[in-house]
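Heads up: the structure comes next, in C-alpha cells.
Each chain gets a letter, A, B and so on, in the order its sequence line appears, and its residues count up from 1. Below, all heavy atoms of this structure are taken into account, side chains as well, without hydrogens, waters or symmetry copies.
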Amino acid sequence: MTVLNLLKQEWLKNRRAKAFYKNLTVNIILSLMIFYFAAIFLFIGFNLGSQLEKFNALLGLNPVELFNGAMIYVVLVGIFFRLFMQQLGTINLFAYQMLPVKRSTIVNFLLFKSLVSPLNYLTLLIVIPFALTSVNSYYDGATAFRFVLNTVFIIWFNSLFAAFLKRRFTSGFTSFVLLISIIAAIAAMEYFKLFSLFSVSSALFGFLLHRAWGSLLVLVIPVAAFVLNRWFFARNYYPEYFNRKIEKTQAGTSVNLSFLDRFGSIGDFMALELKLILRHKRTRSLLYMSVFLLFYGLIFYTNKMYTESVGMLFFVAIFMTGFLMFMYGQWVISWDSAYFDGMMTKNITIRHYIKANYNLLVAFNAICFILTTPYFFFGVKIIQMHIAAFLFNTGVNTIILLFFSTYNTKRINLSQGTAFNYQGTTFKNYLVVIPMMFFPMALVGTLSFFLETFVIMVILACIGLTGIIFHKPLITLCVNQFNKRKYVLAQGFRESE
Amino acid sequence: MIQVFNLQKMYNGVNVLDIPELTISQGESFGLVGNNGAGKTTLFRLILDLVEASNGHVEIENQKVARNDRWKAIVGSFLDEGFLIDYLTPEEYFSFVGRLYHKSKGDIAEFMESMQDFFNGEITGTQKLIRDFSKGNQKKIGITAALLGDPKILILDEPFTALDPSTQIRLKRFLNDLQEKTGIAMLISSHDLNHITEVCKRIVVLEKGLVVKDIKTNTETLKELESYFAV
C-alpha cells in the first residue's frame, strides 16, 4: 500500500515540476518520437509472422520456433539498451528516512518504479500482434496468451537486471564492455557453428511455452533478479556507500591532460571542457553514444536510396564530420551556466572567451573529420563530400552555433541524469539545426539539378573557406551579440529549475 | 578607485537600488550591511557588471565597467557558488584561474603555500572535486581564487557565513593583515555586525536600496549599528 502511495507522490512530483510545463515543446517532440516508434513496432508486429514464414522452408522451423530461438538475443540486447536508456529509480531518501516508512518499502518502491514505466512495454507492440497472428494460428489461444505473459516476465527481468548492473557498476562502462563482448562472443560462436545458443534458446523457450505451468518457471527469473536487487540494497543501504564508489571513479577520470598546456589559454579551455565532458554522467553517456554515431555512415553510404541523392548524401556528410559539434555544441556557452558569473568576472576578455569556444568547436570538427577518414574507402565522391562538409561546418556552422547560442538562457544541470535527459533543452536548440543542416542540404539538392557533384562540392568548400578566412570579423559579430545578451544570459543561468 | 554615479536598478518598476553618489578610494576597507533585500548583492553585481543598471553607471579607475574587460585584471571577487567550477579539484581550479591572470606554475604553488594556514589542511592534497566539499570549504576555495590574481580590489559577499568559528577568526586576521600589507581596497558585505566592524574601517548601511548610514568605524560603531537594527 505504501509503495502505491510513494508511486503516486512520484507522479505528482513529475506533474508539478516546473519543467513539465516549461518544456512543453520538448515533451511534444518526445511524444511524437514515441508514437513514431510505437507505429513502427506495431507494423513490425503484424508483419513479422509472414516474414519469418519465408524461412520455414529453408530451416524447417515455424515462425514461433524461430522467435523462441532469437529470444535469448532479444533478452541480451534488451539489457544492453536498458543500460543506456533506463534511468535508475531514485528517491529523495532524506525526506522519507525520518518518517515511519520501512526500509523495504523504499527499496520496493525503487524497484517497482522502473517496472511501471510504459516505455518498458513498447516491445509488447511487436509481441502481441505476433502472438495473435502466428502463435494463435500455429497453436491455440492459450499458448498465445502464455507467449505474451512470458514476454512480460522477461521484460521485468530485463528491467530489474539492467538496474542491478547499473547500480553495481556505477560507471556503466564496465558492464557496457562486458555485455558487448558477451554478445559478440555468442554471435561469433553461432556464426562459426561452434555452439548454437539459438537451438538451446528455441528448445528452452519452446519447452516453457507448451507447458501450462511453463510461465510459472519463467516468472522465476524476474523474481531472482528482484532478490538480487534486494540483496544489493541490503548491503548498500546508506548513501555513504554509494559516495565511496563515486570517489573511486573520480580518480579514474582525472586523466592527465597536461599535454594541452602547450596550447596556451585555448588549451586550458579545451582541458576544462574535456573535464566537463568526462566528469558528468550526462555528457559522458553522450560520448559512449557517439561511438555508435561513428558507424552511422555505414547505413547511408551503402544504401542506394541515399547515394543517388546528392543533397541527402551531403546531409549525412555534414552530420558525420560534425557530430561532436552538433551533440556538444548545442550547449556551447550554456555549459558554463553553473559558473557563468565567475567566468564573467575573471580576467578574460569576452573576445577571448568567444574565441576559445570557437576554437573548441573547430577542434571537435577536426576530430570528427579524422575519425571518419575510413569512409574514404567508399569512393572519391565521399572524399569530396567529407572535405567540403568539414570546411562548411568549420567556416559557417561554428559561427551560426555561437551566434544563436546566446539565446539559450536556460541553466543546464549536467550532474543529473543520463543519455535521454532533455533538461535545459528548448525549441531553440532544435531551431538552430535548421540553418546548420537543412540549409546546406537544400542548397546542394537544388544545385545538383544544374551542376556536377564535384563543382557543387567546390562551391560549398569555398563558402566554408570564406568563413574560415573571415573568422575574425565573424567572431566580432558573435562578440557584439554576446555583449548584447550577456545580462539576460547571466540572469537566466542564475535561476535553477 | 570605484565611483558610482546616479546608480539605479529597477525590477518590474520597483526600485531595488538607488545610489546617487558613492566613492570608494584605494586602500579603503568598505563594509556593507543591511537586511535581506536591501540591495547588497545587487550593488556588488552592478560593480562586477553582472546585471545591467537601469540608470547611471559604475566606474573603476575612471573607466565604465559595463561591457568592458579592463577592470577584470585588477578585481578579485567571490559572491556565491556560481563563481566556482565545481567539477574541478581545488588544485585544477586554482591553476585554471591562475593562468587567466598570467601566473606561472611556480607563482601558483607559492601562493597556495602561503594559504596553507587558511586552508587548515582541508583543501589541497585530496582528489576530491569542489562539488563534494562542504559549503564552508567551498567558500575558502572561492575566496582564495579571488585573491589569486593579486587584485587591487577585493569584493566578497558574506564571506563569514557557513565558515566554522576558527576559520572566521582566521579570515578576519587574514583580511586585516592583507589590507595592512598590500593596501588593497576591500568591499565586504555581512549580516554579522561584530565581524564587519572588526574588519572594515568604513561601514555603509543599505535599506531598501538606499544608503541610510555612512560611518567611519570607531569604538561606538558596533553599538550604533546594533541599536539601528534592533526592532
Side-chain angles (χ1 to χ4, degrees), chain A residues 243 246-254 257-258 261 264-269 271-281 283 335-353 356 411 414-415 479-480 482-491 493-496, chain B residues 9 11 41 44-54 65-89 91-93 95-103 105 126-132 141-142 145-146 148-151 153 155 157:
Chain A
N243 288 344
I246 289 163
E247 264 165 44
K248 227 193 286 167
T249 48
Q250 274 160 20
T253 52
S254 64
L257 297 169
S258 56
D261 286 357
S265 54
I266 299 299
D268 287 348
F269 269 91
L272 186 71
E273 260 17 294
L274 276 175
K275 281 173 194 155
L276 177 130
I277 289 168
L278 291 173
R279 290 180 186 175
H280 291 109
K281 247 188 181 173
T283 43
W335 54 25
D336 292 336
S337 57
Y339 46 91
F340 191 72
D341 281 353
M343 215 48 131
M344 289 299 105
T345 50
K346 294 281 180 297
N347 189 27
I348 171 172
T349 63
I350 300 296
R351 184 172 186 90
H352 199 96
Y353 177 68
R411 184 192 180 100
L414 289 177
S415 35
V479 170
N480 293 339
F482 181 86
N483 269 327
K484 243 183 262 166
R485 302 275 308 165
K486 180 180 152 183
Y487 305 105
V488 186
L489 284 171
Q491 172 78 24
F493 291 160
R494 250 175 251 139
E495 284 165 17
S496 50
Chain B
K9 178 66 192 170
Y11 284 114
T41 309
F44 283 171
R45 282 194 179 139
L46 281 163
I47 294 173
L48 293 169
D49 193 33
L50 292 172
V51 292
E52 195 169 25
S54 311
V65 292
R67 300 193 169 96
N68 193 336
D69 296 315
R70 295 264 186 83
W71 55 270
K72 292 176 184 174
I74 59 158
V75 179
S77 57
F78 181 70
L79 303 192
D80 50 43
E81 304 91 72
F83 281 60
L84 295 171
I85 303 176
D86 68 352
Y87 55 85
L88 298 181
T89 64
E91 281 95 338
E92 286 169 341
Y93 180 59
S95 90
F96 177 76
V97 174
R99 286 169 70 105
L100 289 180
Y101 289 91
H102 314 292
K103 296 269 166 191
K105 268 196 181 125
T126 55
Q127 274 290 5
K128 246 164 106 174
L129 304 185
I130 294 177
R131 62 180 175 216
D132 299 325
I141 296 167
L148 194 45
D150 303 324
I153 298 169
I155 301 180
D157 194 13

Below 4.5 Å, heavy-atom pairs only: which of A/Asp336, A/Thr349, A/Thr345 has the largest tally toward chain B?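 Sorted descending by pairs with chain B, the first entry is A/Thr345.
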Close side-chain approach of B/Phe78 and B/Leu84, heavy atoms under 4.5 Å: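 In contact.
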Does any part of the side chain of B/Tyr87, heavy atoms only, come nearer than 4.5 Å to the side chain of A/Leu272, both counted from C-beta?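 In short, these two side chains touch, coming nearer than 4.5 Å.
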Taking the side chain from A/Thr283 and the backbone from A/Ile277, do they hold a donor-acceptor pair closer than 3.5 Å?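 Such a contact is found between A/Thr283 side chain and A/Ile277 backbone.
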Keeping B/Lys128 on the side-chain end and B/Thr89 on the backbone end, is there a donor-acceptor pair under 3.5 Å?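 Pair absent, no side-chain N/O of B/Lys128 close to backbone of B/Thr89.
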Given that the side chain runs from C-beta out, which part of [X] has a heavy atom under 4.5 Å from chain A: side chain, backbone, both or neither?
| X | answer |
| --- | --- |
| B/Arg45 | side chain |
| B/Phe96 | side chain |
| B/Ile85 | both |
| B/Ala66 | both |

To the nearest 0.5 angstrom, please state how far the CZ atom of A/Arg485 sits from the CG atom of A/Asn480.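 Between atom CZ of A/Arg485 and atom CG of A/Asn480 there are 14.5 Å.
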So, is the end of the A/Lys486 side chain (NZ or CZ) under 6.0 Å from the ring centre of A/Phe482 and within 45° of the ring's axis?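 Not flagged: A/Lys486 not positioned over aromatic ring of A/Phe482.
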So for A/Lys346, is it side chain, backbone, both, or neither that comes closer than 4.5 Å to the heavy atoms of chain B?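 Both parts, backbone and side chain.
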Contacting region of A/Ala338 [heavy-atom separation from chain B under 4.5 Å]: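 A/Ala338 touches chain B through backbone heavy atoms alone.
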Do you know which of B/Asp49, B/Val97, B/Val75 has the most heavy-atom pairs under 4.5 Å to chain A?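 The candidate making the most pairs under 4.5 Å is B/Asp49.
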Determine the option with the most heavy-atom pairs under 4.5 angstrom with chain A, choosing from B/Asp80, B/Leu88, B/Ile155.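 Maximum pair count with chain A is reached by B/Leu88.
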A/Ile348: which of A/Arg351, A/His352, A/Met344 passes side chain to side chain contact (heavy atoms under 4.5 Å, CB included):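 Only match with A/Ile348 under side chain to side chain contact (heavy atoms under 4.5 Å, CB included): A/His352.
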